[in-house]
Number of protein chains: 2
Amino acid sequence: MPRLLIVEDDDRIRLSLRLALEDEGYTVRDVPTAEEGLAEHRAAPADLVLVDLMLPGMDGFECIRAMRRLGDVPIVVVSARDDTHDVVAALEAGADDYVVKPVAVKELSARLRALRRRASGSGEGAPAVRRFGEIELRPEAGEVLLGDEHVHLTRTEFRLLCELADQSGRVLSRQQLLNRVWGYDVYGDERLVDVHVGRLRRKVERDPANPVHVVTVRGLGYKLAT
Amino acid sequence: MPRLLIVEDDDRIRLSLRLALEDEGYTVRDVPTAEEGLAEHRAAPADLVLVDLMLPGMDGFECIRAMRRLGDVPIVVVSARDDTHDVVAALEAGADDYVVKPVAVKELSARLRALRRRASGSGEGAPAVRRFGEIELRPEAGEVLLGDEHVHLTRTEFRLLCELADQSGRVLSRQQLLNRVWGYDVYGDERLVDVHVGRLRRKVERDPANPVHVVTVRGLGYKLAT
DNA sequence: CCGTGCCGTGACGGTCTCGTGACGGTGGAC
DNA sequence: GTCCACCGTCACGAGACCGTCACGGCACGG
């Protein structure tokens, strides 16, 4: 579900990283150069970026700095050089972590999870399960419980609920939800949000006509009651 | 002066870490056991925690989980074991980073800086809640409390209250309020403000006939009493 | 005491937002 | 190819909300 961007010039490593991390549930794009990586990221920001340091053309440090100027996306350096000087330079440039090739996929994946947890706003420890009244949300497992019964949500409904949960208690406007759930370049009809909120309510509210979890704030948007 | 807590049982390593990181500008406390670390953290939360994994008594994993339950303080593991399994377990337990001894102080310091940057960025910036007498205003949540009971405001009433709150104690003329709340550049009817002030008072004043929060300043406008 | 502004409030019609049902398109599973 | 879950668009009704108006009360200066 989270969108991952890999910037790595070695085809074999790029492919193996891609396959390994797709297995971990990421939606992966991969490019061989910093320039392409920046273009991709500008077009559709990723939730995580993996970047090599030694790249043809613009190098990894420059790439990191450029991405930092665009936003605060978590950046992990994957480098062949196990050198303190490089580590410090990369972190100073704005990277969040630095792992040395050859990477253990399990470790990389754990580091990505830790980073995402930390980067995603209020980042509470490692609950992996969040409660909002009767709703129990398990993002890792991709499942939701109402009371103790399973409810099946579609992908869009699930992402919608997750976004609301990440900012629970705070109002999110329709435009914000469009950006976060559907993507950044959508200028679609904001009523689309209403429809999916309605569908979501039918599944996670005891009385969908009088929602207690997914609450409308008239004129502003929606929020998830804490 | 960020406060750093070191939990490490080896006296020599603990001392050298302490000295090195004090040089980097941290205010350091150090303890040799997880139990003491937790007690210290409970007594006065640190901004960063360094923890060893192999500790006498309660081990590092337990220590991390316990601290996670207390809050979202950034935690870095400093361990002698360079083992993927340990790294994954520590990160899953809630750690943010994992470095292997012997540590390069420059790298550790850079990692701490990167982590602090990340943790403070997404952490709680402003309290986002303002009090005026009995009124509690939460712009993020789009909600207002009078005492401890929720009051429902319409969008216009909410904006009106926010504008008054932004300039609390100072008088705002009807024209200023029209400009800020309604965005008019036209000279609309100033009586419109009166009507909404009246409606607002009915909701946020115990005795709307004798308002103590939203106060009229005859001939000038309105202000929000501090 | 009186008049003149200034302010508070109730009522009302128009407008806008939101919730929902219906429908056609699509992409993946088999 | 066929089916089915899911998605996005649309239209419509209900209710919330807004802005206007008119009326009455209250604070001032004379």
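Heavy-atom basis, side chains included; hydrogens, waters and symmetry copies ignored.
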In whole angstrom, give the distance that lies between atom [atom1] of [X] and atom [atom2] of [N].
X        : N      : atom1 : atom2 : answer
B:Arg174 : C:dG5  : CZ    : C1'   : 12 Å
B:Leu153 : D:dA16 : CG    : P     : 16 Å
B:Leu192 : C:dC7  : CG    : C1'   : 15 Å
A:Tyr222 : C:dG19 : OH    : P     : 4 Å
A:Glu190 : C:dG19 : CD    : P     : 13 Å
A:Asp194 : C:dT17 : CG    : C1'   : 9 Å
A:Glu205 : C:dG19 : CD    : P     : 11 Å
B:Leu160 : D:dG19 : CG    : C1'   : 14 Å

Q. Could A:Glu107 and A:Arg111 be called an ion pair, given the rule that one side-chain N must be under 4.0 Å from one carboxylate O?
A.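 Judged by the 4.0 Å cut-off on N to carboxylate O distance, A:Glu107 and A:Arg111 do form a salt bridge.
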Q) Would B:Arg81 and B:Asp83 pass as an ion pair if we require N to O under 4.0 Å? A)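 B:Asp83 and B:Arg81: salt-bridged.
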If we ignore angles and hydrogens, is there a donor and acceptor under 3.5 Å between the side chains of [X] and [Y]?
X        : Y        : answer
A:Ser16  : A:Arg12  : no
B:Tyr222 : B:Arg174 : yes
B:Arg201 : B:Thr216 : yes

So, is [X] close to the [N] phosphate, meaning a side-chain N or O under 4.0 Å from OP1 or OP2?
X        : N      : answer
B:Arg202 : C:dG10 : yes
A:His152 : D:dC6  : yes
A:Trp182 : D:dG8  : yes
A:Arg191 : C:dC18 : no
B:Thr154 : D:dC17 : no

Q: Would you mind reporting whether A:Leu5 and A:Met67 have side-chain heavy atoms less than 4.5 Å apart?
A: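 Yes, at least one pair of side-chain atoms sits under 4.5 Å.
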Q: Please answer whether the main-chain N or O of A:Gly169 pairs with a side-chain N or O of B:Arg138 as donor and acceptor at a distance below 3.5 Å.
A: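 Not a single qualifying donor-acceptor pair exists.
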Q: Please round to the nearest 0.5 Å and tell me the distance separating atom CD of B:Glu143 and atom CD of B:Glu136.
A: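 Here the interatomic distance stands at 8.5 Å.
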Q: Identify, with sequence neighbours excluded, every residue that meets side-chain hydrogen bond (donor to acceptor under 3.5 Å, both in side chains) alongside A:Arg14.
A: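 For A:Arg14 the side-chain hydrogen bond (donor to acceptor under 3.5 Å, both in side chains) partners, ignoring immediate neighbours, are A:Asp11, A:Asp30.
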**Q.** Residue-level proximity of residues 210-218 of chain A to DNA chain C when a heavy atom falls under 4.0 Å
**A.**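 Under 4.0 Å from DNA chain C: A:Thr216, A:Arg218.
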Produce the list of close N/O pairs, under 3.5 Å, pairing protein atoms with atoms of nucleotides 22-26 of chain C; give distances to one decimal.
none

